[in-house]
There are 2 protein chains.
Amino acid sequence: MVVWERPEPPERPVPAPLSRDRIVRAAVQLADADGLDAVSLRKVAAALDVRPMRLYGYIASKEELLDLMVDAVHAEIRPAGDGWREALRSLAEAVRRAAHRHEWLADLLGGRPQLGPRALASGEAVVAALDGIDVDDVMPVVAAVNAYAIGAVRREIAERRAERATGMDERRWQAELGPYLERTLATGRFPALATVVRDAAHRDADETFRIGLDLLLDGIEARFAG
Amino acid sequence: MVVWERPEPPERPVPAPLSRDRIVRAAVQLADADGLDAVSLRKVAAALDVRPMRLYGYIASKEELLDLMVDAVHAEIRPAGDGWREALRSLAEAVRRAAHRHEWLADLLGGRPQLGPRALASGEAVVAALDGIDVDDVMPVVAAVNAYAIGAVRREIAERRAERATGMDERRWQAELGPYLERTLATGRFPALATVVRDAAHRDADETFRIGLDLLLDGIEARFAG
DNA sequence: TACTGGACGATACACCGTATCGGGACGAGG
DNA sequence: CCTCGTCCCGATACGGTGTATCGTCCAGTA
């Protein structure tokens, strides 16, 4: 059959150009939109118009994909500011801001060692800013600030989710947990707790985070940079 | 057929007596032995010689089972000691010890609000010990120590697992991560980090945890109990 | 005794991560 | 240029997950 009347071959779907970067971006997008549970290799593959097993050319397991996602977000975590104190504070606050932008980060933070290039770059930046501190003290100090940031952020995100889950309202969890807590405290089994909840000023999340961070930084200053 | 020659009905397995407590104990045992991934409703049910759906009479979802597991472990977390400082320190160290006994706890800590009776009892005990501190400052202080403990413990357990995964050896991760880190630091892209890793004294996990905790407690003391 | 309401849990569903291995692309040898 | 062998890709399949559904069976009542 001559070429003039021979039909073109069926439009073969161009194999979607793929890369770790594209895969990770798709996964992050899914997680941002619908939470970490929405990240499955099948869904990521579908978002890229690709069959699932194709991904295994770029990653060895789902765990690796999660590691890559965390490292990708570390690009947004760059300490800035003059002096060790500002560097540490901005590190902690950058972690918190990143977790606000990507709530799923709270589920992953601290779950596995972060040794990707962007995480190391964050570490490099903060360690470099700590040159006023004895080299033997740098690691414990950074570790402490990191630990605080991770724990505080997890707690904050967990609370935010619990509030959202019980009815989408902002101030009071009306549906379940609020009344449960009130009832439980009213039993008198937790008198000190009840007093604090009743009488103490209720701080918002920003303030709570800042207070704890300041306490830790004060302690560091007194010990190492006095 | 007369009863004399009619066989007895097949020995029906006595329906295993069940309770939340038994279910949670079985789940904790599975998690202690083989990690959190080994906890599935099917495996828990099998351990209790029961069909999976039976469990839904006692819990509404797997998430609730995990909440119950965390609360059960909180029975081991009781702050002790005289004065607010000792109470906070022993709280943090009790969390850490619990996570050493139940590594899976690190995966769950801070992931959801802890409002079970045993978790509240821990909170009650520590808040009661803080009566020397202004009522408005109690929550932020406890939250800060809790945040630090959660973050530090997660980090520590994550590292321990990474070491174990790369070849079961204690001091040096020979298989993968160690050499990777050395190679990466040798590139010169992270000079400050490389200096610290090369020159600084390497602290063990106990010491690292204690240092960070002391820093935080110092900061609290300076601000609120001075 | 006959009926009925409700609780229980076997079955089934939708989905997961990934091991396997058939088939097709491609390079080498005749 | 054709054939054969190799290797690698990815469709298929497997063994698992959490839990919705709804048939079955039993207890309680009329």
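Naming: A, B, ... by sequence-line order, numbering from 1 per chain.
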Discussion item. Contact list please: residues 38-47 of chain A against DNA chain D, heavy atoms, distance less than 4.0 Å, in numerical order.
Written reply: A:Arg42
Fill in: Integer-rounded Å distance: C:dG23 P and A:Met53 CE
18 Å
Discussion item. Could you measure the distance from the CD atom of A:Glu159 to the CD atom of A:Glu156? Nearest 0.5 Å is fine.
Written reply: 8.0 Å
Practice prompt. Calculate, to the nearest 0.5 Å, the distance between atoms CZ and CG belonging to B:Arg51 and B:Leu41 respectively.
Written response: 14.5 Å
Worksheet item: Whole Å only: how far is the CD1 atom of B:Ile59 from the P atom of D:dA20?
Response: 12 Å
Worksheet item: Atom NZ of A:Lys62 and atom P of C:dC15: how far apart are they, to the nearest Å?
Response: 14 Å
Response to the item:
The complete set of salt bridge (Lys or Arg N to Asp or Glu O under 4.0 Å) pairs with one or both residues in residues 119-130 of chain B, sequence neighbours excluded, reads none
Worksheet, complete the sentence: Rounding to the nearest 10°, end axes of the helix from C:dT1-D:dA30 to C:dG30-D:dC1 built from five pairs each make an angle of 30°
Worksheet item: To the nearest angstrom, how far is A:Tyr58 atom OH from C:dG17 atom P?
Response: 19 Å
Discussion item. side-chain contact (heavy atoms from CB on, under 4.5 Å) for A:Leu48 and A:Leu18? Distances and angles first, verdict last.
Written reply: CA-CA 8 Å; A:Leu48 295 166; A:Leu18 215 48; 3.9 Å; yes
Practice prompt. Grab the CD-P distance between A:Glu63 and C:dC16 for me, whole Å please.
Written response: 18 Å
Fill in: Residues forming a side chain to side chain donor-acceptor pair (under 3.5 Å) with B:Arg89, sequence neighbours excluded
B:Asp214
Discussion item. For B:Glu182 and B:Arg198: C-alpha separation, side-chain torsions, deciding distance, then whether side-chain contact (heavy atoms from CB on, under 4.5 Å) applies.
Written reply: CA-CA 10 Å; B:Glu182 273 181 37; B:Arg198 178 165 31 82; over 6 Å; no
Discussion item. Donor-acceptor check, side chain of B:Lys62 to backbone of B:Val39, threshold 3.5 angstrom: yes or no?
Written reply: yes
Worksheet item: For B:Tyr56 and D:dT19, is the shortest distance between a side-chain N/O and OP1 or OP2 below 4.0 Å?
Response: yes
Worksheet item: To the nearest angstrom, how far is A:Arg51 atom CZ from C:dG22 atom P?
Response: 22 Å
Fill in: Rounded interatomic separation in angstrom, taking CG from A:Leu65 and P from C:dT18
10 Å
Worksheet entry | Selection residues 23-35 of chain B - residue pairs positive for side chain to side chain donor-acceptor pair (under 3.5 Å), sequence neighbours left out | B:Asp21-B:Arg25, B:Asp32-B:His102, B:Asp32-B:Trp104
Item to complete: Measure from CG on B:Leu55 to C1' on C:dC8 and round the result to the nearest Å.
Response: 13 Å
Worksheet entry | Those residues that, when tested against B:Gln114, pass side chain to side chain contact (heavy atoms under 4.5 Å, CB included) (two or more places apart) | B:Val70, B:His74, B:Ala119
